[in-house]
Structure formats: C-alpha cells, structure tokens
Amino acid sequence: MYDLRYLRDNFDTIRHQLGRRGADVPWDRLRTLIEQRRALAGQVEQLRHELKKGSDEVAKLKREKQPADAPMVAMKAIGEQIKTIEVELRTVEETLTDLNLRIPNLPHASVPVGNDAGDNKEARQWGSPPLLTTPAKSHWELGEALGILDFDRAAKVTGARFAVMMGVGARLERALINYMLDVHTTQHGYREVLPPFLVNRSSMTATGQLPKFEEDLFRLRDEDYFLIPTAEVPVTNLHRDETLNENALPIRYAAYTPCFRREAGSYGKDTKGLVRLHQFNKVELVSLARPDQSYEELERLTGHAESILQGLELHYRVVALCTGDMGFSAAKTYDIEVWLPSQNHYREISSCSNFEGFQARRAGIRYKGAAGKKDAKTEPIHTLNGSGLAVGRTLVAILENYQQPDGSITIPKVLRDYMGGMERIKKE
RNA sequence: GGAGAGGUGGCCGAGUGGCCGAAGGCAGCAGUUUGCUAAACUGCCGUAGGGGGAAACUUCUACCGAGGGUUCAAAUCCCUCCCUCUCCGCCA
C-alpha cells in the first residue's frame, strides 16, 4: 500500500519500477480513481462547511426565538446533496483502497533485476559440504529407519503434508527451538515473544498476506480468524496503530511459533519429507527500525540467522533475491540456503527481508523523534523479519549432513546439552 | 453460554441534541520567582487530510471504540458489530 499523495506525485516512476516485478496493476484505472477521490472529497468538504455554518445560524436564531425555517430547509437540501456525493466517494475510496492494498512493494535500488530464482545473486558461502563415504540418504529415509519420523501415521491422523516426530526426533526439534531462542535472546538482543497462533483479518492485512493471498491461508469456519503462516504476522502486529519513541528503536523480537500454510498451487512439489508441510515450526526474528538504519539492520538480522547455521556447522550460502523472485511486501530479501546432500543442492532455510515502510503504513506503526527535538515528525517505521531458522528444515539439514554410514546421526555439538548429553541418534 | 456495567485527548475524568475538538486535574514542555532541591505562578500542550505562506503560522474538513441511521445540527438519540470489566455457568 502506498501513501496516496506519494503515489500521485510519483505515479510514473512507481509504475515503471514495479514493471520490473511483473506487477499486474491496473494503472490507468488507479490514476482515475485517485483523481476522482480527490475531487469528490473536495466537494464534500466544501458542502459540509456550508452546512456547518447554516446549522450555526439556525442555532443562533433559535436562541433568539426567531423563526429558522428558511435556513433549515436550505440546509436539508445541502445535507441531501452531501449524502449523494458521499455514496459516490465511498465507492471510489473502497475500490481505490482495495487496489492500493494489492500493489506490491517497490524494490530497493540494490536489488538485482531479474525474472525468477535463476537471476538471484549469491552474496556469500560459509563452510563446505560434508564428506560422506556412502551415497547420501534422504532425511525421510533416515528418519523413518530410525523411528523418529512417521509420515504414514501423520497422513492417517490428518492428511498429506503433515508429519509426526517421535522420541529423539521430537526432542531434537525441541532442542533446536530452544537453541535458536537462547542464542537470539542472550547473544543478539532479541526479546522473546510467544504470540497467538490465530490472528484476525486486520493483522493479516497489515503485514500483506491479505487481501491478495487469502487462498494460501487456513481460515476458521466460525470466526474470521486465520492460522498464522509465520510469526511475522502476530509479532509485527504487536505494535499496530502505535506511535513508538525513536529512543526505543530498534525493537527486536524472537518468537517461536508453528506456521500453517495451505501450499495452494504447489501440488507435486516436495511431496516427501519435512521440506514442505502444512504445519511446521519456525523461530522468527522481527525488528522495527528507524528508516535510516533499516538496511544496516537487515544485514545484522541476516547475520543473526546465519549464526545458527554456523553454530550447527552446516554449510550454506546467502543469496540476494532478484526483483522477480521477491515476495509481495518486501523491498529487499536475502535467502539463506542450506546444503542438502541427498538433493545435491542448496535449499532455502531462512528468508530475511526489509519491508521498509510498506507494512508500517498498512499497520499504522510510526515513530516520533525524541521529545524536545525540533524537527520531530511522526512517520512510518521500517519493519524487518527473517527466519532464525525454519526448524523442520534445520532438522532435515542435520539428518542429511550428519548421517553416518550405518544410518545413525551425529548430534551437532551445540545441541548436546539440550539433548541430555546425547551424541548420536541410533535406531530406538 | 446467561445476566449486568462500560469504552471520551499520554493518563484520570466531566459532558444526554446547538460556539464542544471537547471543562477540570495529572503528566509533559517553555518561562518567571528561588541559594540548591522542592514549591508557587504564567503560557503552551491531540491526530490526520486539504488550501494559503519561505517560515513562525493561518484557514477548512474529519476524528469522543468501529460502522450505519435519525436530525437543519450528534460525544450526546436509535440500530449493528468489536473490545474491556463484574457475577453465574463451563473449562485447561
């Protein structure tokens, strides 16, 4: 969503730049609506001014016990005129707002131009693939053989794209959650949050999931509530409609939540294993930052996510998404991709984005300069978030990268305290 | 789920149809007084959008939980919804 004045003043520039994202925006209609809204609003304002003056006149006459019929009749006519124009105005505004909510964010100047994932740019790599002496087995083969993953029973209990973790597998998932939260809260300065897993429509609209992507969400039948697809939604919305003090920024939160996604349109992709599920666990990092510091913050936040993979000693690379591959709300995104031996390629395990003021405008999150400062103005903050990390995919990476010839799994050193000192996962 | 009470500016709190964008108080800011602290006194002190001005500023409009309605005129009357609180029931 764009500030209407900004959109009006920079219409052609924005139109041009969004062309590179392949955004399907009805530009001409949008321009017409903006002008119509402006004209109608002006008319209403002027008529209302007349009405107000007339009503004051009536009040004055009545106080003086004078007849007031003439102005009352005249004002009634104006009142009706206002009502007519307002109906028109409301229609225009509704259409305009709906269109506006469906315009994607503007990419930052540093984002590589491109059409799809093939045009993404690798920023850096860390570590190296493990040296396996036997052909790499997939995590689902390993996990099912060890008795820690069960997809058949998950399908029975719920359906496709769900998983059950059992025994040491369940504990490993829990260990990862705790490890990630501990690192981010004690080493990186994030405040831990445990938010609701269901949110309302306003929250989903504020962070950009709605109105455009409703088919990707699970929705309750009897309430207008949605299951969160990421903790980004409840956590960013903590400060919806708030004006924050500049001194308080940046505000950093780390939240563990399960995430629920319909995965509409991904039939046939990643049908096996833990990689693409309707429900998965994630530790999310969210930051609210001053606009002039948000790109520094994006680098920092991405580094915080990377540090988890470094602690786990997993090989990964970081790529800057190109204009065509970025999400709807993002101005710039880095994906962190972990190495998966069984697939012999990198797989997204974290996505770190700066949304600039895009979500903040929708959410009404603003900040104010420190009191006493002369040029203190109130404007949207910048919001950022990134996975730190997707827990299920991290478990996948551990199983595959730490697999032994006998099918057992070595537990990364940093997790052993969380696993009661256990060093290896063997068949139970 | 049943019964009741409420939602007004950063906070507290007046205001049941007409100079109410909203009394009063607290907090905050600027200043005066004062040996310091404190106190007292004076002034300022909501947000958003449009117009005018280089700017301090000025003017118009909207906003008293949200959305409709009645009326010449709504914080005030009516309807719907949301939220909070109390009691009962149920429940982890």
Side-chain angles (χ1 to χ4, degrees), chain A residues 1-11 33-98 100-101 194-206 210-211 219-226 234 237-249 258 357 360-381:
Chain A
M1 185 169 81
Y2 291 76
D3 176 78
L4 278 183
R5 199 216 287 237
Y6 178 76
L7 183 58
R8 201 169 90 95
D9 291 346
N10 303 280
F11 197 87
L33 285 167
I34 291 172
E35 294 310 329
Q36 276 179 349
R37 193 207 69 91
R38 207 174 129 82
L40 291 170
Q43 287 175 38
V44 168
E45 271 199 10
Q46 200 171 341
L47 286 171
R48 230 196 273 283
H49 177 54
E50 278 177 52
L51 182 75
K52 228 176 160 177
K53 283 208 297 201
S55 294
D56 286 347
E57 182 67 22
V58 172
K60 203 169 134 201
L61 289 171
K62 294 228 164 176
R63 237 177 286 126
E64 292 165 359
K65 308 279 189 225
Q66 305 262 344
D69 293 342
M72 277 170 68
V73 170
M75 288 311 106
K76 189 170 177 80
I78 290 187
E80 254 134 48
Q81 211 180 333
I82 291 177
K83 236 170 242 179
T84 312
I85 301 177
E86 267 182 341
V87 170
E88 214 178 323
L89 177 62
R90 208 174 302 154
T91 316
V92 169
E93 273 184 334
E94 273 168 21
T95 318
L96 181 58
T97 303
D98 184 64
N100 197 3
L101 285 170
L194 188 61
F197 302 158
L198 297 178
V199 300
N200 58 33
R201 186 170 286 274
S202 301
S203 294
M204 283 294 187
T205 306
L210 291 178
R219 179 177 158 195
L220 300 206
R221 195 193 64 190
D222 295 327
E223 308 274 345
D224 203 18
Y225 291 164
F226 299 83
N237 274 282
L238 288 175
H239 293 290
R240 175 149 50 89
D241 295 322
E242 290 184 16
T243 301
L244 305 167
N245 196 314
E246 183 178 27
N247 298 329
L249 302 177
R361 278 190 300 275
R362 292 168 161 247
I365 310 176
R366 302 172 305 161
Y367 81 100
K368 197 178 203 160
K373 245 192 190 175
K374 252 218 135 163
D375 56 343
K377 50 185 173 188
T378 305
E379 52 178 31
I381 52 135

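Just so it is clear: chains get the letters A, B, ... in the order the sequence lines come, proteins before strands, and each one is counted from 1.
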Task: Spacing of the C1' atoms in B:C12 and B:C64 (rounded, Å) - done: 16 Å
TODO: Mark yes or no for whether A:R362, through its side chain, and A:T205, through its backbone, hold a donor-acceptor pair below 3.5 Å.
DONE: yes
Open item on the list: Rounding to an integer number of Å, can you tell me how far A:R63 CZ sits from B:C19 P?
Closed with: 8 Å
Open item on the list: Which residue is it: A:K52, A:K83, A:R48, A:E50? I am looking for the one with a side-chain contact (heavy atoms from CB on, under 4.5 Å) to A:I78.
Closed with: A:E50
TODO: Please report, rounded to the nearest Å, how far the P atom of B:C63 is from the CG atom of A:D241.
DONE: 18 Å
- [ ] Write down the partner of B:G18 under the Watson-Crick or G-U wobble criteria, each distance required to be under 3.5 Å.
- [x] B:C72
Open item on the list: Among A:L33, A:D9, A:L96, which residue satisfies the side-chain contact (heavy atoms from CB on, under 4.5 Å) criterion with A:L4?
Closed with: A:L96
- [ ] Please determine, for B:C91, whether a Watson-Crick or G-U wobble partner exists with both distances under 3.5 Å, and give it or none.
- [x] none
Open item on the list: Could you tell me how far B:A23 sits from B:U34 if I compare only their P atoms? Round to whole Å.
Closed with: 34 Å
- [ ] Using the side-chain contact (heavy atoms from CB on, under 4.5 Å) rule, take A:E242 and A:I365 through it: C-alpha gap first, then chi angles, then the decisive distance, then the call.
- [x] CA-CA 5 Å; A:E242 290 184 16; A:I365 310 176; 5.5 Å; no
- [ ] Measure from NZ or CZ of A:R219 to the centre of the six-membered ring of A:Y225 and say whether it is under 6.0 Å with the direction within 45° of the ring axis.
- [x] no
Task: Per-nucleotide protein contact string for nucleotides 47-57 of chain B, where B marks a base within reach and S marks sugar-phosphate only (heavy atoms under 4.0 Å, - for neither) - done: SSBSS------
- [ ] Please state the C1' separation for the pair B:A75 and B:G7 - nearest whole angstrom.
- [x] 12 Å
Open item on the list: Taking pairing as Watson-Crick or G-U wobble with both contacts under 3.5 Å, can you name the mate of B:C41, or confirm there isn't one?
Closed with: B:G31
Open item on the list: Taking the C1' atom in each of B:G4 and B:C60, what is the distance between them to the nearest angstrom?
Closed with: 44 Å
TODO: Provide the distance between the two P atoms, one in B:G18 and one in B:A74, to the nearest whole Å.
DONE: 11 Å
Open item on the list: What is the distance, to the nearest angstrom, from the CD atom on A:E50 to the P atom on B:U61?
Closed with: 11 Å
TODO: For A:K83, report the nucleic acid contact type (base, sugar-phosphate, nothing); a contact means any heavy atom under 4.0 Å.
DONE: sugar-phosphate
Task: Atom pair distance, as rounded to whole Å: CG in A:L61 and P in B:C19 - done: 15 Å
Open item on the list: Can you check the distance between B:A54 and B:C19, where both ends of the measurement are the C1' atom (answer in whole Å)?
Closed with: 34 Å
TODO: Can you check each nucleotide of nucleotides 72-77 of chain B against protein heavy atoms at under 4.0 Å and return B for base, S for sugar-phosphate only, - for none, in 5' to 3' order?
DONE: BS----
Open item on the list: What is the distance, to the nearest angstrom, from the CD atom on A:E93 to the C1' atom on B:A62?
Closed with: 11 Å
TODO: Could you tell me whether the side chains of A:N200 and A:S203 share a donor-acceptor contact shorter than 3.5 Å?
DONE: yes
Open item on the list: Tell me the interatomic distance from A:N200, atom CG, to B:A66, atom P, rounded to whole angstroms.
Closed with: 16 Å
- [ ] Taking ring-ring contact (aromatic ring centres under 6.0 Å, His included) as the test, write out the residues that go with A:F197, two or more places apart.
- [x] none
Task: Base-pairing mate for B:C63 - Watson-Crick or G-U, with both contacts under 3.5 Å - done: B:G46
Open item on the list: Can you confirm whether the side chains of A:T378 and A:R366 place a donor and an acceptor under 3.5 Å from each other?
Closed with: no
Task: Euclidean distance for C1', B:G28 against B:C83 (whole angstrom) - done: 29 Å
Task: Pairing nucleotide - B:G4, Watson-Crick or G-U, each distance under 3.5 Å - done: B:C85
Open item on the list: If you compare every side-chain N and O of A:R48 against the phosphate oxygens of B:A62 (OP1, OP2), does one of them come in below 4.0 Å?
Closed with: yes
Open item on the list: Could you tell me how far B:G9 sits from B:A27 if I compare only their C1' atoms? Round to whole Å.
Closed with: 13 Å
TODO: Keeping the roles fixed (side chain from A:N100, backbone from A:Y2), state whether a donor-acceptor pair exists under 3.5 Å.
DONE: yes
- [ ] May I ask you to verify if any side-chain N or O of A:K53 is less than 4.0 angstrom from the OP1 or OP2 atom of B:C60?
- [x] no
TODO: Rounded to the nearest angstrom, tell me the gap between atom NZ in A:K60 and atom C1' in B:G17.
DONE: 20 Å
TODO: Calculate the interatomic distance between A:Q43 atom CD and B:U61 atom P; express it in whole Å.
DONE: 16 Å
Open item on the list: Return the pairing partner of B:C36 with a 3.5 Å limit on both distances, Watson-Crick or G-U wobble; otherwise return none.
Closed with: none
Open item on the list: So does A:E94 get a backbone contact from the side chain of A:D98, meaning a donor-acceptor N/O pair under 3.5 Å?
Closed with: no
Task: Donor-acceptor contact present, side-chain A:N237 to main-chain A:R240, <3.5 Å - done: no
Open item on the list: For A:Y225 and A:K52, find the nucleotide of RNA chain B closest to each by heavy atoms; which residue's nucleotide sits nearer the 5' end?
Closed with: A:K52
Open item on the list: Does B:U61 have OP1 or OP2 under 4.0 Å away from a side-chain N or O of A:H49?
Closed with: yes
